[in-house]
> 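The structure under discussion is supplied below as structure tokens; questions concerning it will follow.
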Protein chains: 6
Amino acid sequence: MKLILKLSGKIFDEEDPQKLLTLKEVVKELVNEGNRVGIVTGGGSTARKYISLARRMGSNEAYLDLLGIWASRLNAYLVVFSLNDLAYMKVPESLEDFIQAWSYGKVVVTGGFQPGQSTAAVSALVAEASNADLLIIATNVDGVYDRDPRIYKDARLLTKINTEKLKEILERTQSVKAGTYELLDPMAIKIVERSKIKVIVMNYNKLGKLKDIIAGKEISTLVEPE
Amino acid sequence: MKLILKLSGKIFDEEDPQKLLTLKEVVKELVNEGNRVGIVTGGGSTARKYISLARRMGSNEAYLDLLGIWASRLNAYLVVFSLNDLAYMKVPESLEDFIQAWSYGKVVVTGGFQPGQSTAAVSALVAEASNADLLIIATNVDGVYDRDPRIYKDARLLTKINTEKLKEILERTQSVKAGTYELLDPMAIKIVERSKIKVIVMNYNKLGKLKDIIAGKEISTLVEPE
Amino acid sequence: MKLILKLSGKIFDEEDPQKLLTLKEVVKELVNEGNRVGIVTGGGSTARKYISLARRMGSNEAYLDLLGIWASRLNAYLVVFSLNDLAYMKVPESLEDFIQAWSYGKVVVTGGFQPGQSTAAVSALVAEASNADLLIIATNVDGVYDRDPRIYKDARLLTKINTEKLKEILERTQSVKAGTYELLDPMAIKIVERSKIKVIVMNYNKLGKLKDIIAGKEISTLVEPE
Amino acid sequence: MKLILKLSGKIFDEEDPQKLLTLKEVVKELVNEGNRVGIVTGGGSTARKYISLARRMGSNEAYLDLLGIWASRLNAYLVVFSLNDLAYMKVPESLEDFIQAWSYGKVVVTGGFQPGQSTAAVSALVAEASNADLLIIATNVDGVYDRDPRIYKDARLLTKINTEKLKEILERTQSVKAGTYELLDPMAIKIVERSKIKVIVMNYNKLGKLKDIIAGKEISTLVEPE
Amino acid sequence: MKLILKLSGKIFDEEDPQKLLTLKEVVKELVNEGNRVGIVTGGGSTARKYISLARRMGSNEAYLDLLGIWASRLNAYLVVFSLNDLAYMKVPESLEDFIQAWSYGKVVVTGGFQPGQSTAAVSALVAEASNADLLIIATNVDGVYDRDPRIYKDARLLTKINTEKLKEILERTQSVKAGTYELLDPMAIKIVERSKIKVIVMNYNKLGKLKDIIAGKEISTLVEPE
Amino acid sequence: MKLILKLSGKIFDEEDPQKLLTLKEVVKELVNEGNRVGIVTGGGSTARKYISLARRMGSNEAYLDLLGIWASRLNAYLVVFSLNDLAYMKVPESLEDFIQAWSYGKVVVTGGFQPGQSTAAVSALVAEASNADLLIIATNVDGVYDRDPRIYKDARLLTKINTEKLKEILERTQSVKAGTYELLDPMAIKIVERSKIKVIVMNYNKLGKLKDIIAGKEISTLVEPE
Ligand SMILES: Nc1ncnc2c1ncn2[C@@H]1O[C@H](COP(=O)(O)OP(=O)(O)OP(=O)(O)O)[C@@H](O)[C@H]1O
Ligand SMILES: Nc1ncnc2c1ncn2[C@@H]1O[C@H](COP(=O)(O)OP(=O)(O)OP(=O)(O)O)[C@@H](O)[C@H]1O
Ligand SMILES: Nc1ncnc2c1ncn2[C@@H]1O[C@H](COP(=O)(O)OP(=O)(O)OP(=O)(O)O)[C@@H](O)[C@H]1O
Ligand SMILES: Nc1ncnc2c1ncn2[C@@H]1O[C@H](COP(=O)(O)OP(=O)(O)OP(=O)(O)O)[C@@H](O)[C@H]1O
Ligand SMILES: Nc1ncnc2c1ncn2[C@@H]1O[C@H](COP(=O)(O)OP(=O)(O)OP(=O)(O)O)[C@@H](O)[C@H]1O
Ligand SMILES: [Co+2]
Ligand SMILES: [Co+2]
Ligand SMILES: [Co+2]
Ligand SMILES: [Co+2]
Ligand SMILES: [Co+2]
Ligand SMILES: [Co+2]
Ligand SMILES: [Mg+2]
Ligand SMILES: [Mg+2]
């Protein structure tokens, strides 16, 4: 099985080495069982810090996005160094780079690729180019809710939805200011739809149970392409 | 003034050196008057030929888009070689490359950057990163119509619209299969909106009158960001 | 066994996915039997289209050759994407790149390297650098004829010749205008001679019988270095 | 005059856009007066955050230093984007890259180059390679003290010392654990000595008075090579 | 005027800084008068030393040529460092690199590009791509002789010949073993012919009188393309 | 076991293919027994020749060091070509490049990385980044002496010392002029100390007995990090 795992930048904000060591164990096990794994990292608070500073200096949106991308690459290197021998030792900076890196057979870790798109879009591109069976979005909530769970305390978790429904939900909250893309942006959804990629949204605090989640035995949201 | 000019790949399909020589003359004049010019080229029939062949071989959508991107770079080199001394002699392959290339002061010509987006999205990214005053989309029709003019003979040309209206029109026709993005895809419009970029859609057969079009004296469509 | 296969650009002009799928099958079989395979692609009609357009714009010969090289790289990517997992996923752009790519153990596919030489010269360079046992030139005729078979209908196929004889025959027809190098240019022959590389010229429509041709059981021309 | 300015990573930790805008003003003025300016940025708290996290994951010292280097490059891009047109738009990643970047005539901004050395060593290398007249080290204290001023409240500022004396002072406090190099490491001093580079250590809060400091009219330390 | 100057590797074997300082003076003067200058360096005794050692270790001809190419690049860097501000600070490694480097307006210095061709072929390619008016071959003899002057003491200098005649003369002496290409190889002559490039062969000991030689007032050989 | 072998540039000065063939045999044996091997080459007389010539032309110390680095890379390619299939076919130019190269599993050969440090420092950096068990310094004397053995005929070989003692000895002889770093420079020792790397200094004429030396059965010096 080929799977792409997208990690919210927020996992790095917690500065907890244990979370990265758990990630390493899960990835090692998956690889030892013959699976191929790709990882995409978000930019988290490092991205937000640099973007905020540069916005107050008057930089344009493209430059702000680039700072977020470089921050996400710093997170990616943290994962690369934790995986060490399991990983391709360079963080690809474009889909073309990723395709070459992927062909060596190791775990490939990327951050962002380009302004104007989220790291979730990167994970969809990477899943498409590697003919992945599954795209897993690991974030700080348990899955997709009917409303933004950070804002609405009574938001309900959806265990299974299609991309049409997902678009409808996200349209109410999404924005494209640098550093504010959330969960999945329109490009991510387009890619998922055109290549019929199966998506699971899960909580990164449950990475230790990733195999149960893939098997549908643990809480998460399954997004099916329309 | 800084302006980015997006050329439909169809201008190269006509295999008419005169069109490229006219382009060269216009660009030279603009540069001599102190303007900065960036150019983005579509993939045209070369892209469609390779995409079609690879689709029949069973390639995934990401690979198909990459073939279209390389075709668009071939078109870009045709423009580079026609401009010669006026141009930066390498076609940038990402926005990061473009930003560096742009800083040398010459005319920079790019093709596509990445699967999942059109060359129109590239032109919007490039306009944003260079703080351009104007994005000109030169295509094989006179501007934006209320319906796809290739299909509906009675489609009416709109001389001025906003991006909200444009989205509404395009939503009926747009698709994201490799090689079928048209006019402006959702990413292009998002960028144009978030950075308030002024857009003109015009016919590439009127490139010789580009200055009149910019001055609003010739037929074309002005798209204003919402 | 290590073998380098040079494909005429004309095989891509036929826009027949079956030819590329046959190629894939043959390469897969060779690789599975423990052989190493390198592939070099010509530029074909895409090259000729761009060269012709640029020549009419007044570009110099070096630029024209570069357009032909980029066209050949587009053909090379078509082969890369058809081979997918079997292939090194990047088309090397110089012999130094090729040497590095080759050392990973996958099938490496290149287009042209440099103005002033044909893709046949590239295939000879690549054969020399990889210590190949055999260089196969697959073209749209059955082998080397005593006269250009496109022009003289009574041209006779030669089943075995040496490089001295080959040079004599080619000297009557070769030219070095961009995009017009044919079969083997002087550099290709020099390399073949200095490194004593065995060459077979065959018809690309017989790629399905490549193993028979190598075994000498099917029509083709064997060129022996002097 | 050619001058290299080394900025402590701590200037970015303050997340104060005003400091970067002041820097921009000073650099612009220097450039307009015909001077060449190079800038080297430290890694600051971003470096320390990533190094600390990776150290707790068990990474080796080389990897820790690399994380610090990438953090310093993020700081460098912040400066690049603030300078915009004044700057070379790519952060060089080695001295070879710097030399090429420098030759274009713009302000070049670098972060770290390599594990095992501080960004102060980078600034000395860069000063040597560009035949700079002056290396300015801007940090969070007013100059060189007879003891580490962060620890000893009664440390005395030295307005002029030679490198022999400096080595003596620093030997008591320097360390080479990743992220803990301070002020100037042994390599920085060796370079300064072998190429007789004049050094000024100053407070980055006085960047607005940089020209007074160069003229010796404001508090700072002048380090003369032995 | 645009001119390309090819320096025999032998000029570096003499280890005489004065020769390089004379070269610098001449180049500076030419540049100050508004000319564009490109330089190509041979590999000389460094190339021969490494090639001989590797040949005795059993390396193939392509690897031997590569060692010669890297040696020629070492010579090229010597010229780059002597020219310093006048020069593009990186030695291009292919014609594509050269074209980009050339467009910045500085003196560009290259060594070899590729196995299978001499640095004289490189100089012809570079002359063609830059639309040079003149290619100057500076070597250790006064021009082209009717026989190899190193072997035949009674060889006669020819002050003016065409490329047909030159081919005839060189055919008797040329060889393509790595490190033994001399004066002009077949590729160099082909390029010169197809692009009608004017060539002067001169003695590098007379570089101080380069302007007189160009003006036809000093001994040398003028080679006219057929 | 992972081991890094640093070869003095002097081994190449002897122009003896047998020495490189012995090296190849030893490396092949080590690799076949399951060890990982990295090699770092010094610049030797080629470096000294170019540095001397450029110094007399007036180049700065950074440029002189770069010439030495390129010379060491030429030596590195000689080793790469002798190892051929065993080796990664490109010489990494920075520690970042090395880390990526190392992850492919082949023998990686580097020359110098950066001005201001010796190739011994490179070997220490490389040993640290690859978590090597052992760093072997192969030079033209049998190990570390209490005084420079080239100058003092009565210098005594030390079979075991710690880094404190080594620093004391070297401090009397070390210099940092380009091309004159010897044995181990301060950066090399700092790296060895901070990462507790075990070092053996041996004679390159005894490479055939490398395994005995590692086992402590042959004359050499063991340096233990303090
Ligand atoms: N309907 C919804 N269901 C789930 N989450 C939602 C929804 N709408 C908005 N969100 C928000 O999306 C966030 C997930 O985005 P996430 O943090 O994974 O992206 P990221 O870009 O990688 O992170 P970062 O920007 O921090 O690097 C959640 O924290 C949640 O608040
Ligand atoms: N409402 C509309 N108004 C104008 N054009 C439209 C509209 N809807 C669809 N189109 C189509 O969009 C096309 C313009 O796309 P264009 O050819 O410029 O893109 P491109 O991707 O660069 O081209 P190519 O793919 O050939 O390289 C027109 O030919 C037109 O038929
Ligand atoms: N004798 C001394 N005089 C002055 N400063 C000293 C002395 N000894 C130690 N220091 C310390 O050196 C520090 C300066 O290092 P600085 O922060 O500029 O380096 P940096 O590596 O760029 O920073 P960062 O690691 O935060 O990016 C001061 O904060 C000071 O406490
Ligand atoms: N007919 C001829 N006229 C002039 N020179 C000739 C002729 N035939 C052979 N040669 C030789 O060609 C040599 C010039 O080649 P040159 O040294 O310039 O090439 P290079 O490849 O750059 O040098 P290197 O290989 O040393 O770097 C002369 O030394 C001369 O002996
Ligand atoms: N105490 C000492 N013990 C051993 N060798 C010493 C000592 N002091 C100085 N040396 C010198 O160090 C030299 C070893 O340096 P080595 O030649 O290995 O370095 P390198 O930089 O790789 O060589 P090169 O510069 O020739 O490439 C010996 O030749 C020796 O003369
Ligand atoms: Co986000
Ligand atoms: Co299109
Ligand atoms: Co052809
Ligand atoms: Co620090
Ligand atoms: Co030669
Ligand atoms: Co040395
Ligand atoms: Mg890139
Ligand atoms: Mg580098």
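Just so it is clear, the model here is predicted, and its values are computed rather than measured. Protein chains get the first letters and strands the later ones, always in sequence-line order, with residue 1 at the start of each.
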> Does any non-hydrogen side-chain atom of E:Ser82 lie less than 4.5 Å from one of E:Leu23?
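Not touching, per the 4.5 Å side-chain cut-off.
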
> Between F:Asn75 and chain E, with a heavy-atom cut-off of 4.5 Å, which part of the residue counts as in contact: side chain, backbone, both or neither?
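Contact with chain E is through both the backbone and side chain of F:Asn75.
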
> CD/E:Glu14 to CG/F:Leu53 distance, rounded to the nearest 0.5 angstrom?
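If I round to the nearest 0.5 Å, the distance is 10.5 Å.
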
> Name the member of E:Asn60, E:Leu21, E:Thr46, E:Leu20 that forms the most heavy-atom pairs with chain F at distances under 4.5 Å.
E:Thr46

> Hey, is E:Asp13 close enough to E:Arg48 for a salt bridge, meaning N to O under 4.0 Å?
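So E:Asp13 pairs with E:Arg48 through a salt bridge.
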
> Does a side-chain N-to-carboxylate-O contact under 4.0 Å join F:Lys190 and F:Glu128?
no

> Anything in residues 201-221 of chain E with a heavy-atom distance to chain F below 4.5 Å? Please list those residues in order.
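Residues of residues 201-221 of chain E touching chain F at under 4.5 Å: none.
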
> Please state whether the side chain, the backbone, both or neither of E:Leu78 comes within less than 4.5 Å of a heavy atom of chain F.
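Both backbone and side chain.
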
> Quick one: list whatever passes side-chain hydrogen bond (donor to acceptor under 3.5 Å, both in side chains) with F:Gln114, sequence neighbours left out.
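F:Gln114 satisfies side-chain hydrogen bond (donor to acceptor under 3.5 Å, both in side chains) with D:Gln117 only.
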
> Counting N and O atoms only, with roles assigned by atom type, does the side chain of F:Thr119 sit under 3.5 Å from a partner on the main chain of F:Val122, one being a donor and the other an acceptor?
no

> Chain E heavy atoms under 4.5 Å from F:Leu74: which part of the residue, side chain, backbone, both or neither?
both

> If the condition is side-chain contact (heavy atoms from CB on, under 4.5 Å), which residues does E:Ser59 pass it with, not counting sequence neighbours?
E:Ala54, E:Met57, E:Tyr63, E:Leu64, F:Phe81

> By a 4.5 Å heavy-atom criterion (distance strictly below it), what part of F:Leu67 contacts chain E: side chain, backbone, both, or neither?
both

> Among residues at least two apart in sequence or on other chains, which ones pass ring-ring contact (aromatic ring centres under 6.0 Å, His included) with F:Tyr152?
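Partners of F:Tyr152 under the ring-ring contact (aromatic ring centres under 6.0 Å, His included) test: none.
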
